[in-house]
Protein chains: 2
Amino acid sequence: MHIERMIRRFREAGLKITPQRVAIFEYLYTSSSHPTVDDIYAYIAGRFPSVSLTTVYNTLQTMVSLGEIEEIAISHERRNFDPDTKPHAHIMCVRCKRIEDIYTKNLSENCLPEDVRNRYRILGQRIYFYGLCSRCSAE
Amino acid sequence: MHIERMIRRFREAGLKITPQRVAIFEYLYTSSSHPTVDDIYAYIAGRFPSVSLTTVYNTLQTMVSLGEIEEIAISHERRNFDPDTKPHAHIMCVRCKRIEDIYTKNLSENCLPEDVRNRYRILGQRIYFYGLCSRCSAE
DNA sequence: TTTGTAATTTGTAATCATTTTAATATAGGA
DNA sequence: TCCTATATTAAAATGATTACAAATTACAAA
Ligand SMILES: [Mn+2]
Ligand SMILES: [Mn+2]
Ligand SMILES: [Zn+2]
Ligand SMILES: [Zn+2]
């Protein structure tokens, strides 16, 4: 499972397994997708009342540099984290702010002209759409 | 020209035309594409040594809400502004940080599955690619 | 041209998310 | 169990952005 994988990755990197870190793993892989720092902190603080925001920031940063989660910049006012690192796009409802995953194949082939793909060695992409979801449209 | 257009748009909105604002228009439409707040401020300060950063922020915000420029969130460490509001994608070299425009037709048709387009009323998109440009690859 | 006034600019202070620091606590190997 | 490097915590620092209030200015009407 994902949590065991993260524990192994941290071990391999010579990092220690702490209850705070495990709780962050658990939250990331079992709860609402694309949580914010505050979402994560709120959950962890429920289990470890003395946890520090710094720990949340540090752990997320470590996971990003291990390539195990990604930061989503779809919203200007929040930082969302995505535990799914398979290439995929996102769509956010501008009203209710819900974020949905979009899995399309050949994302970069579809969107990038030949000549750009020749001039760059492509390393990643972030594809965000904005719209009104059906629930929010209905009113 | 673009600058005259902006002056007209500001007038129509009941906003006054000040030298600082005109200088910001000029810089946005004649200089390097996708400038940052600091790029703009550095230029304006060259012409109006007493200009305040606040004025730059305010004017940019006004232009965004008039729909005349857009904010590009391709980089986590800078805010870039784009005076070109036609739908287009961007690619940034992860090394030299240069940002290039990519014009592709039918961006959302290519990237968005049918069912997503049915469930949302699409209002916008931000499509960013990351890679190594040829110049940076060569070394 | 002059004047009046509402809008704008400016400098400063406040805010807020994130990072840094240093002291304390702990994971985990010996 | 003990030792020590690493992690956690609380507090302070940072830095980008925003809010505020006083001084200035655009511009329309006289
Ligand atoms: Mn996702
Ligand atoms: Mn552009
Ligand atoms: Zn919605
Ligand atoms: Zn480059």
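Just so it is clear: chains get the letters A, B, ... in the order the sequence lines come, proteins before strands, and each one is counted from 1. Quantities reported herein were computed from a predicted structural model and do not represent experimental measurements.
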_Is A/R21 close enough to D/dA7 that one of its side-chain N or O atoms is under 4.0 Å from OP1 or OP2 there?_
yes
#### Entry: Side chains of A/D84 and A/Y103, donor plus acceptor under 3.5 Å
yes
| Neighbour count above 12 (heavy atom, 6.0 Å) for A/H88 NE2 | yes
With heavy atoms under 4.0 Å as the rule, sort B/V51 into base, sugar-phosphate or nothing.
sugar-phosphate
B/L53 CG to D/dA16 C1', in whole Å, measures 9 Å
Whole-Å distance, A/Y41 OH to D/dT8 P, equals 14 Å
From NZ of B/K16 across to C1' of D/dT24 the rounded distance in Å is 11 Å
For B/Y130 and B/I91, the nearest pair of non-hydrogen atoms, with its separation, is N-CG1, 4.4 Å
B/F48 CZ to D/dT24 C1', in whole Å, measures 14 Å
B/E77 and B/K97 ion-paired at < 4.0 Å: yes
Got a salt bridge between A/R47 and A/E26, using NZ or NE/NH1/NH2 to carboxylate O under 4.0 Å?
yes
A/I24 and A/V56 have their tightest heavy-atom pair at CD1-CA, 4.0 Å
Encoded 5' to 3' (Watson-Crick or G-U under 3.5 Å; [ ] crossing; | other strand), DNA chain D becomes ||||||||||||||||||||||||||||||
_Is it true that B/D39 and B/T36 share a donor-acceptor pair across their side chains at a distance under 3.5 Å?_
yes
Whole-Å distance, A/I44 CD1 to D/dA7 C1', equals 15 Å
DNA chain C: first to last nucleotide in contact with chain B (atom under 4.0 angstrom from a heavy atom), 5' to 3', is C/dA6 to C/dT12
- Query: Parallel, tilted or perpendicular: which describes the rings of B/Y128 and A/Y128, with under 30° parallel and over 60° perpendicular?
  - Reply: perpendicular
When every non-hydrogen atom of A/L66 is compared with those of A/R9, the smallest separation belongs to O-NH2, 2.8 Å
B/R78 CZ to D/dG15 C1', in whole Å, measures 15 Å
Using OP1 and OP2 only, check whether a side-chain N or O of A/T55 sits under 4.0 Å from D/dT9.
yes
(message) Students often get this wrong, so: under 4.0 angstrom with heavy atoms, is B/P19 touching a base, only sugar-phosphate, or nothing?
(response) sugar-phosphate
Please confirm whether the shortest side-chain N or O distance from B/T54 to OP1 or OP2 of D/dA19 is below 4.0 Å.
no
Result for 5'-nearest mapping on DNA chain D, choosing between A/Q20 and B/Q61, is A/Q20
B/R11 side chain near D/dA26 phosphate (N/O to OP1/OP2, under 4.0 Å): no
With B/I74 as partner, the option from B/H34, B/R79, B/R126, B/M92 fulfilling side-chain contact (heavy atoms from CB on, under 4.5 Å) is B/M92
Of A/L15 and B/N58, the one whose closest nucleotide on DNA chain D sits nearer the 5' end is A/L15
When rounded to whole Å, the OH to P distance for the pair B/Y57 and D/dG15 reads 13 Å
Taken to the nearest whole Å, CD/A/E77 to C1'/D/dT17 is 14 Å
